[in-house]
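Reminder, nothing fancy here: chain letters follow the sequence lines and each chain counts from 1. Heavy-atom basis, side chains included; hydrogens, waters and symmetry copies ignored.
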Amino acid sequence: MSDANTARLERLSGMLKRRGVLLPAFEIHGGAKGLYDFGPVGGRLRNRVNQTWLNHWLSLGNIVELSCPTVTPYAVLEASGHVGEFSDFMTMCAACEEASRADTLLESFHPNPDSLSKADLQALLDQSQPPCPSCNAVDWTKITAQNLMFNTTIGAGRSGRPGFLRPETAQGMFTSFPALYRHNRERLPFGAVQVGKGYRNEISPRQGMIRLREFNMAELEYFINPHEPAKHDFSAWDGHAITLVADEQGEVKMTFSEAVEKNIIRHETVGYFMAKTFDFLTKVGIDAERLRFRQHEADEMAHYATDCWDAEIHGSYGWVECVGIAHRGCYDLEAHENATGKTLRARREFDEPQVVEIDGWTIDGAKAGPAFRALAGAVKVAVENLPSETNFPIELTLESGDEVVVKSEHVKRDQRTETLSGEWYIPHVVEPAFGIDRIIWHILDHAYDEIGKDGEEYTTLRLSDHVAPVDYCVFPLFEKDGMGELAKTIHAKLCMKPDVVSMYDSSGSIGRRYARADEIGVPRCITVDHQSLEDQTVTVRSRDTGEQHRVHIDEL
RNA sequence: GCGGAUAUGGUGUAGUGGUAACAUAGGAGGUUUCCAACCUCUUGUCGCGGGUUCGACUCCCGCUAUCCGCACCA
């Protein structure tokens, strides 16, 4: 990072702290690593970003909003793969209280203990009894999952069950699939969104808002039918060439249409969400020139994903991944199906019912059962694979290697017509996952504008109207002759309007007050002057142009 | 987690073994007919804990936090 850049970053961070946008949390107690407060200004900003995000996706029409618990039972995150991916399994020596990683202790007893589940590790530990590396005792406590997810206990005392604070919001949406499917009249595609907190007990949180232990995230799970080709219209984005860093082609600039045509973006729905993500990010004030999409390389991609793109934003910390858009296939729903035995599927009807003519053989249970006993099941499979013209008796070699003679009395002709009108399948999921804190950081970074004004440094936060935390500042030019009263009336009126935030400020010169408003990005300032008292008009001054025009109070 | 640096009003900084300064910001008043002007008054600070000392913001130790490398992670 250049010195100029570092200095700017320090001034920006100082301003954010001074003006109550972002502050270290619990600072009077010495602070806590990886935890931040959104202050009196930042709290509103965060909420506006969240709301803009929700509206952006809900406007697609087939998206619903969910809110799932952050406290999540162990089994859920074990099924999703997080326990294995995000945890180290620890055990403690009861003699010397030294904590050790179970997989490290068991390295000489298993080729790859890292791959074992918690239960398998426990079994292997009980069986192999490795000595404690520091005191040589053999007395290990029960294995517990440690590290990247915050452990907790759900319930008290002996009835408490292990759980975690969720490391992402997605799992609750997957486990809610049956309710979503019913709500959407059993028709795909549909999506669910959730805005909320996620928790990761990072070893070393760094770089301010970039890596946090408690963070705001917003995720969309879009469920699609893999048997239906995804068709999306990208013409709305044709005017804009996007920077793509593709796995094979490297950095290229082209429209979304082209990227999909050339199969650089491998799935249309992924491309569609990339385009919508581009819209969202620019809407909240991210500079399109400092935005790019980077494709995960094959070996970097999570094993279940078929295509994955990150939206990266360039700011004070270089290029930072702020959004991940992944085609997750059927991985998640299948994982929860396997773990629970419940069905997480959708039904699709075939265009034409599939008529299957079955003309072959099957066993006659009453005869073949007693004749083949334990082998009867395997005989049935073998017989049903025989062509219809088979003559009996016949000698068959079963899967198991056993040889049997099947006589005609053991079998019967199986001739029927089966009609399949459709099938149950596991939907595929395309998941855009947004790191809200990282996006907010870059909104602030991109909006922070320092200009030399009359030889002095002057800072303006050029926030988009969608996310500006304060909509209006109301100033009396002087707080006398009734100007203060009129300004307070206008301020009160604005505050009454739904979703409008207004601030009243009468201290300091008018220029100082404009400067204060500009620093936190208030788009419009309203000033009451002497003329206002006569004709009920006020001046409205716009932040970015400094232009003023007179407006009647009733038109505000 | 390892190594290095740092920690002084809201913010940015100076400084000392004898309880602290400057700038800026904030509040009150005055002045001012629209972009950080000016005048008066005023609020507020040595990260936390322990040690050395008659006395510690200053020296030592530990902790916490911040920044930079490495590692981890996405």
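- One finds no salt bridge joining A/R462 and A/D287 here, because no Lys/Arg side-chain nitrogen approaches an Asp/Glu carboxylate oxygen to under 4.0 Å.
- A close approach under 4.0 Å does not occur between any side-chain nitrogen or oxygen of A/K33 and OP1 or OP2 of B/A65.
- In this structure, the CZ atom of A/R18 is 20 Å from the P atom of B/U45, given to the nearest Å.
- Here A/R8 pairs with A/D445 in a salt bridge; the nearest charged N to carboxylate O distance falls below 4.0 Å.
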Give me, pair by pair, the N or O atoms of the protein and of nucleotides 27-32 of chain B that are less than 3.5 Å apart, along with how far apart they are.
from  : atom 1 : to     : atom 2 : distance (Å)
B/G27 : OP1    : A/S507 : OG     : 3.2
B/G27 : OP2    : A/S507 : OG     : 3.3

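- Shown here are the ring pair (Phe, Tyr, Trp, His ring centres under 6.0 Å) partners of A/H466, two or more places apart in sequence or in another chain: there are none.
- Of all heavy-atom pairs spanning A/T243 and A/E251, the tightest one is CG2-OE2, 3.6 Å.
- Counting any heavy atom pair closer than 4.0 Å across all strands shown, A/G39 reaches no nucleic acid atom.
- Between A/R512 and B/G26, a side-chain N or O to OP1/OP2 separation shorter than 4.0 Å is present.
- Using the six-membered ring where Trp is involved, A/F434 and A/W53 have ring planes that are perpendicular, over 60° apart on the 30 and 60° scheme.
- RNA chain B is contacted by no residue of residues 280-293 of chain A, taking any non-hydrogen atom closer than 4.0 Å.
- Put simply, CD on A/E27 is 12 Å from P on B/A65, counting in whole angstrom units.
- Whole-Å rounding puts the A/R213 CZ to B/G1 C1' distance at 11 Å.
- The two residues A/W319 and A/E312 make their nearest non-hydrogen contact at CZ3-O, 3.4 Å.
- As rounded to whole Å, 8 Å separates atom C1' of B/A74 from atom NE2 of A/H296.
- Taking the charged nitrogens against the carboxylate oxygens, A/D505 and A/R513 have no contact shorter than 4.0 Å, which rules out a salt bridge.
- Side-chain rings of A/Y514 and A/F475 approach one another, their centers coming within less than 6.0 Å.
- For A/R513, no side-chain nitrogen or oxygen approaches OP1 or OP2 of B/C35 to under 4.0 Å.
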